[in-house]
Amino acid sequence: MSLRKWDTACPRRVGGSVWRTSSRRRGSPFKPKDVSLSNVLQHVGLGIRYLKWWYKKTRVEKKAPFIDMFGAQPLRQIYGAPLGGIGGGTITRGWRGEFCRWQLNPGMYHYKTVTANQFTVCLRRGGQTVYQQVLSVERPPTLQGWNWGYCGEYAFYHSLYPRAWTVYHLPGQNVTLTCRQVSPVMPHDYQDSSLPVAVFVWDIENKNDYALDVSIMFTMVNGSGHKDDKSGGHWNEPFHLEKEGEAVSGVLLHHCTTVNPYTLSIAAREQPDREVSHQTAFSPKGTCSGLWTDLITDGRLDSPTGSSPPTPKGEKVAAALAVGCSVAAQGRNTLEFCLAWDMPIITFGSREREHIRRYTRYFGTKGDVSPSLSHYALTHYREWERRIEEWQRPILQDSTLPSWYKSALFNELYFVVDGGTVWTELPEDADVSGGVRSEDGGLPAQPAVVKEYGRFAYLEGQEYRMYNTYDVHFYASFALIMLWPKLALSVQYEIAGSVVHHDPTERLHLMSGLYSPVKAKNVVPHDIGDPDDEPWQRVNAYLIHDTADWKDLNLKFVLQVYRDFHLTQDRQYLRDMWPICQAVIASELKFDLDGDGLIENSGYADQTYDGWAVTGPSAYCGGLWLASLCVMCKMAKLVDNEETYQHYKDILDRGSAAFDKLLWNGKYYNYDSSGRDLSNSVMSDQCAGHWFLRASGLEDYQAFPKEKIQSALKSVFDLNVMSFAGGQMGAVNGMRPEGVPDRSSVQSDEVWIGVVYGLAATMIHEGMKEEGMRTAEGCYRTVWEKLGMAFQTPEAYCEKGIYRSLAYMRPLSIWAMQLALNTSQKDKTTDRQDLRENQS
C-alpha cells in the first residue's frame, strides 16, 4: 500500500513495488554542505555563534532549540490525515494505518510509530474463524503471535481533510472493509472543533452468498511510544456510559506522568445487534499470542472487570476493544470506534503557569471526561460529516476547478490542527493589553473576542518551534480569517497587546553577534514564544536577527487589520486596532532615511526572507509599505479623521513616486535599488502588498498601476515559473532576467510553497487564473506527488529536491487563492447585474 490518492475521486489500487519505481523520489533535508562556498564564508560568524548557543541550550539547559540545525527531521513518506480537533493535541495516523506522529504535550512533537496500535479483522462463518489479519502491511520484529503483512495490492488510501478513507479488499474473502476517519474540524465552529477526538467508521461489504460474523479489534498502547511509557504507574480500566438513550463502552488508559498527565480512551457504541468486548490490559511485548488467540477463538475478547494494576517501572501496558456484527449475504453493515484523549490542563516547558484547553469549557477540567468525549463523538459524528460535506460540496462540485486544487485546498488545512496548535481559555488574571489601556491608546485588558473564543497559537513549523510567527502568519492567516475568523481576531489582539510591551533584557543575536533588547516598544514581535518556554509571557523566541529592525512585521500587522475588518465588518475590532496601527506606522517611518516617503532596507536580511540580504528601497518591503499607507488612509476615513488621512496620503503620494522611480524597470519591480549586480533580480513575491489590497477589496486605493502589476506578474510567470524546472515546480523566489535562478543567497533559489500560493492568488485577482493555477499546481505536484511530503508540506524546496523545514505554516495561504476565486466570481456576478440594468 505504497502509493496514495489524496482526493476522494477515483482512488486507485496500489502495490508495494509500484511506488518505489514510480516518478516519486525522495528529497533530502537542507544541510550545511548544500550552501555555496560564498554563502558559507558570509555566515561563518553565525555558524560559530549558533554552535555555542546550541551546545548551551541542549547540553547545559537540557532544552530543545527552537530551530535544531543538527537535528532536522528525516523525510518519512508515511503520514496521513491527523486525528483530533483544534488545539487539544494531535495524533497522526499514517496512510498505511500506523499511529506515527504525536503532539500531546503542547507544541512538542514526538515521531514514533507504535507497533501495537492497530486494527485487526476477524471473519467467522458457521461458528468458525476463517480469516484473521492485522490490517497493516508491516512485518515488525515484535508481536510475532499476530498475523502481519497484509498485502498492499489490496488496499488504498485517500484523504480529503478532515476525513480520510482506507479501503481493504480482503484477499480471497470477497469482503471489502472501508475505514472512514472523521475529525471534528468544521468552519465557523468554536465548540465541537476543539474536541480531542476522532471516529473510525468501518463499513463492511459482504459479497459472498453466505452470511459472515465480522469483528474489528482496536488495540492501543497506554502512551505514545515515548520513554515515559515505561516510567511506571500507568493503568487501564473498562468503562460504560449511558445517557440520553445511548450507551458506549470501552477502555480508559490513564497515562500518569508528572507533567501533563492524560487519559486515552478507545470506545464503541453499544447497539442491540453489536457485541462489544474488551481486554483491559495486555503487555505489548513478546509474541502477544494470548490476545490473538482470545479473538480468534470466538471473535470476541474476554472482557474482564476491574482495573489493571499500575505498571511497574520499565513495563508498558496496552488495551484492546473488539466490536462484532453479522453481515448478511450480499449485505452491508457498519462498526464504529472512537479514540479520545483528555489532557485538560497543560503546562509549557517553563512549568511556570497552567493553561486550560478550550474543550474543557464544554466538558470540564478534572481529567475524567474521556467517556463523555467518546459518547459525544459517537453520537454526533454524523452531524459533523453533514456539516463537512455541506462546506466542501460547492468547491468539490465546481467543474471549473482542477481536482489537484480541491485536494490541496482541504488537505493543507491539516496544519491548523497539526501545527503544534494550542487553543486555551484566557486566564482570569490575564492582561492582553500589554499594560496600555484603551484610554491611553491601547487595548482592553481582556478583549471580548479573546475572552469568549480563547487564545490560539500554532507553530511556524513542526521543526521551527515558535508560536504565531508573524511574518509567516501573514500568509497563512487567510485560512483562519476565512474559516475561523474569531481565532484570527484573537491572534491579532494578542499581537497588538505585545506591540506596546517592552522587554529591555539584553541578549545576543546570532547573525550580527550584537546584543539588543528582547522586545522593543511599538514594534510587532516576531513570535509569541517557544512552547518549551512560556508563550505569551515571553515573546520573540527567534534570536537569529533582532527583528525590531525588520521592515515587514509592522506593515503586515496593519494590512491584516484592515483585511480582517473587510471580511468581518467588526467595527469594534477596527476601533481597538486603530491606535496600535498608528503606533507601528509611526515606528516604521524611522526607516525612511531620506524623507522621500519610502522606507529603506538596511543591507541585511531584515524581513521574512531572513537569509536574503536587501539594501535600500525594495520591491517586497517597499510594496508592503505603500499598501499599508493605502490601508491607513482607508481606516482614517472610516474613523472620520481627515487630518490623519491627509498625513498618510501625503506620505503615500511621495512614496509611490519614489517607488516607481527607483524600482520599476519597464517590465517588473527590481529586487532592490542598491545598484549591485543582482539588484534587478525578479522576485516572485514582489506584488505582496498589492495582493493584500486586492484581498481587502481596496480598488479605490491602488498604489500600483494596474498595467505595471500585470506586467510584473507576467514577468514572474515567464521567468520564475516557466523558465524554472520546466515550469513544473512552481515559482522560484529569485530569478535573473536572463532566465537562471538567483543563487546569491541560501533562499533566493528556493521555492517557498506558501509564497507561491499567495502569488497564484494575486494572479487570480488580476484575471490571470490560468497562470495562477499553473503556478500553484507545480508546488502541489512536487510536494504531494514527486517528493511524497503529504501532510508535512515544507517551507521550501530547491530544484534538485533539497527541502527545508517539514510541516510548515505558510502553505495555508492556499486559502488566499480561494478568496481570490470567490472575489472574482462576485465581480463577474456584479458585472452581469450591471449589464442587465444598463440594458433595461
Side-chain angles (χ1 to χ4, degrees), residues 19-20 22-44 46-47 50 54 65 67-79 111 412 415 460-465 472 544 605 608-613 678 681 683-685 719-721 723-736 739-757 759 775-811:
W19 173 71
R20 299 193 187 281
S22 73
S23 61
R24 293 172 188 260
R25 56 192 173 95
R26 184 179 295 273
S28 302
F30 182 88
K31 296 176 182 176
K33 69 180 179 64
D34 299 313
V35 182
S36 68
L37 179 60
S38 61
N39 277 309
V40 168
L41 295 175
Q42 291 176 32
H43 295 100
V44 168
L46 167 66
Y50 177 84
W54 180 90
I67 297 177
D68 191 348
M69 294 183 183
F70 301 110
Q73 280 298 314
L75 175 59
R76 302 174 68 208
Q77 296 162 319
I78 64 173
Y79 299 116
Y111 302 88
E412 289 290 7
F415 196 84
E460 179 177 336
Q462 291 180 11
E463 295 189 85
Y464 285 15
R465 214 184 52 251
V472 182
I544 294 176
T608 195
Y609 298 88
D610 59 351
W612 192 3
L678 301 176
S681 285
M683 187 187 198
S684 64
D685 213 3
L719 289 166
N720 301 59
V721 180
S723 298
F724 174 72
Q728 301 297 314
M729 293 183 75
V732 67
N733 284 341
M735 182 64 90
R736 300 295 301 138
V740 296
D742 181 337
R743 304 192 190 281
S744 63
S745 80
V746 294
Q747 294 176 341
S748 54
D749 67 345
E750 291 183 327
V751 175
W752 287 11
I753 297 93
V755 167
V756 172
Y757 289 152
L759 167 63
T775 299
E777 182 179 1
C779 282
Y780 175 81
R781 301 289 185 196
T782 300
V783 170
W784 289 78
E785 296 180 356
K786 293 179 183 177
L787 296 179
M789 293 177 169
F791 298 101
Q792 52 185 326
T793 304
E795 158 72 320
Y797 59 77
C798 294
E799 185 174 4
K800 54 187 175 181
I802 296 168
Y803 63 86
R804 184 168 56 79
S805 187
L806 290 171
Y808 198 75
M809 177 200 291
R810 204 182 316 249

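Please read all numbers here as calculations on a predicted model, not as lab measurements.
With rounding to the nearest 0.5 angstrom, the CG atom of Asn720 is 9.0 Å from the OG atom of Ser681. In this structure, the separation between CD on Gln792 and OG on Ser805 is 11.0 Å, given to the nearest 0.5 Å. In this structure, CE in Met683 is found 15.0 Å from CG in Leu719, a value given to the nearest 0.5 Å.
Between Phe415 and Ala807, the shortest heavy-atom contact is CE1-O, 3.1 Å. The two residues Arg76 and Tyr111 have their closest heavy-atom pair at NH1-CB, 4.2 Å. The shortest non-hydrogen separation linking Tyr757 to Pro811 is CD1-O, 3.3 Å. Considering every non-hydrogen atom in both Thr608 and Val472, the closest pair reads OG1-CG2, 4.4 Å. Looking at every heavy atom in both residues, Glu799 comes nearest to Ala725 through OE2-CA, 3.6 Å. In this structure, Ser748 and Asp742 approach most closely via the heavy-atom pair OG-O, 2.6 Å.
Using modelled atom types, no side-chain atom of Gln462 and backbone atom of Leu806 make a donor-acceptor pair closer than 3.5 Å. Between the side chain of Asp610 and the backbone N or O of Ala605 there is no donor-acceptor pair closer than 3.5 Å. Counting only distance, with no hydrogens or angles, the side chain of Glu463 and the backbone of Asp68 share no donor-acceptor pair below 3.5 Å. Checked by atom type and distance alone, the side chain of Ser723 never pairs as donor or acceptor with a backbone atom of Gly739 at under 3.5 Å. Side-chain N or O atoms of Tyr803 include one that pairs as donor or acceptor with a backbone N or O of Leu75 at under 3.5 Å.
Partners of Arg781 under the salt bridge (Lys or Arg N to Asp or Glu O under 4.0 Å) rule, at least two apart in sequence or in another chain, are Glu777, Glu785.
Of the N and O atoms on the side chains of Trp612 and Glu750, not one donor lies less than 3.5 Å from an acceptor on the other residue. Side chains of Tyr808 and Glu460: a donor-acceptor N/O pair is present below 3.5 angstrom, by distance only.
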Going through the checks in order, is the side chain to side chain contact (heavy atoms under 4.5 Å, CB included) test met by Arg736 and Leu678?
CA-CA 8 Å; Arg736 300 295 301 138; Leu678 301 176; 3.4 Å; yes

Test side chain to side chain contact (heavy atoms under 4.5 Å, CB included) applied to Cys798 and Asp749, step by step:
CA-CA 7 Å; Cys798 294; Asp749 67 345; 4.2 Å; yes

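Side-chain contact between Tyr780 and Glu412: absent, with no pair of heavy atoms (C-beta onward) separated by less than 4.5 Å. Taking 4.5 Å as the limit, every side-chain heavy atom of Trp54 sits out of range of all side-chain heavy atoms of Met69. Taking 4.5 Å as the limit, every side-chain heavy atom of Thr782 sits out of range of all side-chain heavy atoms of Gln728. At a threshold of 4.5 Å between non-hydrogen side-chain atoms, the residues Tyr464 and Glu795 do not count as touching. At least one side-chain heavy atom of Asp685 sits less than 4.5 Å from a side-chain heavy atom of Tyr609.
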